[in-house]
Number of protein chains: 2
Amino acid sequence: MHGAEPLTLERFLPYRLNVLATTVSNALARIYAERFGITIPQWRIVATLGQFETRTARDIAAHAVMHKSTVSRAVASLAGRGIVERRPNADDMREELLALTPKGRGIYEAVAPEALAFERAVFTGLSPDERETLFGLIDRLDARMRSLAPDLDPADASEVSR
Amino acid sequence: MHGAEPLTLERFLPYRLNVLATTVSNALARIYAERFGITIPQWRIVATLGQFETRTARDIAAHAVMHKSTVSRAVASLAGRGIVERRPNADDMREELLALTPKGRGIYEAVAPEALAFERAVFTGLSPDERETLFGLIDRLDARMRSLAPDLDPADASEVSR
DNA sequence: AGAAATCGGTTGCTGGTGCAACCATTATGC
DNA sequence: GCATAATGGTTGCACCAGCAACCGATTTCT
């Protein structure tokens, strides 16, 4: 370590990651919004319930890595629009079981292929090997971040970490 | 294309990218905020001016990929705190030339090593080759996004795209 | 030269998001 | 068994970001 490397933004991982993630997100959010009137948090909930049938809000927050208040509001909106159904759990009245309504499932089945098509479009130019490599690197960086700063993982919507 | 692949969130690039970028950003933002009292947009401006001496707000927006209103407010704050200096450009009175004050440069020189140290910490476990591969993939995906959805690049703070 | 379009930058407004406080319910400790 | 803590979820609040309207300065078109 002598003259300290210059730190150019273009070679700075957090910055590059953010720009790319934002651009991808915005492009995708446009599809959700224009075609289906749902936001990204709402989409994450629909996707999770599409995949798992029935989950609680807490499960969804953990799985889709969102703050519990974000989930709460997104669920409220989806429930109000008849996309998600809330059922009480007789065994534990604190929590609610969430599931897609038929209408919700319809949306999921319409959005999912579009989302995947979008992903394929983004991946054009990358070989299958390169895609695997990319996911592998993301996995490892993700794991690294969880060990570096475990407390700020939005997934654990608990106050324990505070 | 038959049964349509399942679409699991964990294998969905936009989602994975966003989670990783958010975690990395938050961890880094904590350093900026706690140690130096600056936000991410403010940091991007300081970093850009640290790298280039003198730029206009428009240049910074393009280079650091931020909306012009974000830049405007961040610059206002930095100028108010004596970190950035604004000088009129006699050749074009619309724009202002921005530069770090000595105090600003001091902050840059204190933050930059910390930011780089953080990056190194995140990269622990990745070989230099893998880092290169990662940046290469990000570059290509970035380029791909610009051609897929050129209008939503926050960099071109112009209204042309509207 | 004059009208109209463009450009750099600022600002009011709105929507979204995280935090923290809170509510009701369930688990724990003595 | 009862007080206390913890948990799932909701909500008020404050902050931040983007959009769009706007302002003054400059360029373009005729």
Side-chain angles (χ1 to χ4, degrees), chain A residues 18-19 22-23 25-26 29-30 32-33 37-45 55-62 64-80 84 86-98 151-162, chain B residues 18 22-23 25-26 29-30 32-33 37-45 55-80 84 86-98 151-162:
Chain A
N18 237 308
V19 170
T22 302
T23 314
S25 266
N26 287 346
R30 194 156 53 176
Y32 301 153
I38 59 179
T39 65
I40 286 183
Q42 288 171 8
W43 156 245
R44 286 192 186 176
I45 289 169
R55 293 284 114 136
T56 67
R58 195 197 179 294
D59 294 336
I60 294 176
V65 190
M66 295 187 290
H67 195 270
K68 64 178 183 172
S69 63
T70 305
V71 173
S72 172
R73 284 188 259 253
V75 167
S77 165
L78 292 172
V84 155
R86 339 167 80 131
R87 271 179 322 161
N89 175 7
D91 291 351
D92 186 340
M93 294 303 285
R94 286 173 303 186
E95 65 185 25
E96 279 180 323
L97 300 176
L98 303 172
D151 57 313
L152 48 63
D153 192 341
D156 66 341
S158 70
E159 282 69 23
V160 176
S161 55
R162 275 265 97 253
Chain B
N18 238 307
T22 302
T23 314
S25 267
N26 286 347
R30 195 155 54 175
Y32 300 153
I38 60 179
T39 65
I40 287 184
Q42 288 171 8
W43 156 245
R44 288 192 184 176
I45 289 169
R55 293 284 113 137
T56 67
R58 195 194 178 295
D59 294 336
I60 295 176
H63 181 251
V65 189
M66 295 187 290
H67 194 271
K68 64 179 182 169
S69 64
T70 305
V71 173
S72 172
R73 283 189 257 254
V75 166
S77 165
L78 292 172
V84 155
R86 338 167 81 129
R87 271 179 324 160
N89 176 6
D91 290 352
D92 186 340
M93 293 305 284
R94 285 173 303 186
E95 65 185 26
E96 279 180 321
L97 300 176
L98 304 171
D151 57 313
L152 48 64
D153 192 342
D156 66 341
S158 71
E159 282 70 22
V160 176
S161 54
R162 275 263 96 254

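Here is how names work: the chains are called A, B, and so on, in the same order as the sequence lines, proteins then strands, and each is numbered from 1. All values derive from a computational prediction rather than experimental measurement.
- Rounding to the nearest 0.5 Å gives a distance of 5.0 Å between CD1 of A/Ile60 and CG of A/Leu98.
- For A/Arg94 and C/dC23, the CZ to P distance is 17 Å, given to the nearest whole Å.
- As a whole-Å value, the separation of B/Glu95 CD from D/dT27 P is 10 Å.
- In this structure, B/Arg55 CZ and B/Ile45 CD1 are separated by 14.0 Å, a value rounded to the nearest 0.5 Å.
- To the nearest 0.5 Å, the span separating CZ on A/Arg44 from OG1 on A/Thr70 amounts to 9.5 Å.
- Using a distance-only test at 3.5 Å, with no hydrogens or angles considered, a donor-acceptor pair links the side chain of A/Thr23 to the main chain of A/Val19.
- Here the P atom of nucleotide C/dT10 and the CD1 atom of B/Ile60 are 11 Å apart, to the nearest Å.
- Following rounding to the nearest Å, B/Lys68 (NZ) and C/dT6 (C1') show an atom-to-atom distance of 11 Å.
- Between A/Gln42 and A/Val84 the shortest side-chain heavy-atom distance does not fall below 4.5 Å.
- Residues A/Leu97 and A/Thr56 are in side-chain contact: their nearest non-hydrogen atoms beyond the backbone lie under 4.5 Å apart.
- Applying the 4.0 Å criterion to OP1 and OP2 of D/dC16, one finds that B/Thr70 has every side-chain N and O outside that range.
- Of the residues in residues 71-80 of chain B, those placing a heavy atom less than 4.0 Å from an atom of DNA chain D are B/Arg73, in numerical order.
- We find the CD-CG distance between B/Glu95 and B/Asp59 to be 7.5 Å, quoted to the nearest 0.5 Å.
- Counting to the nearest Å, the C1' atom of D/dC16 and the CD atom of B/Gln42 are 11 Å from each other.
- Summarising the geometry, the separation between CZ on B/Arg44 and P on D/dC16 is reported as 15 Å, rounded to the nearest angstrom.
- Among the atoms of the strands shown, only primed sugar atoms or phosphate atoms (P, OP1, OP2) are found under 4.0 Å from some heavy atom of A/Thr56.
- Mapping A/Asp92 and B/Ala57 onto DNA chain C via the closest heavy atom, the residue that lands nearer the 5' end is B/Ala57.
- Put simply, NE2 on B/His67 is 18 Å from P on C/dC13, counting in whole angstrom units.
- Between B/Arg86 and C/dG8 there is no side-chain N or O to OP1 or OP2 distance below 4.0 Å.
- For the pair A/Asn89 and A/Ile40, both in contact range of DNA chain C, the more 5′-proximal nearest nucleotide belongs to A/Ile40.
- When the nearest nucleotides of DNA chain D are assigned to B/Asp91 and A/Ser69 by heavy-atom distance, the more 5′-ward of the two goes with A/Ser69.
- Taking atom CE on B/Met66 and atom P on C/dG8, their separation rounds to 16 Å, with Å as the unit.
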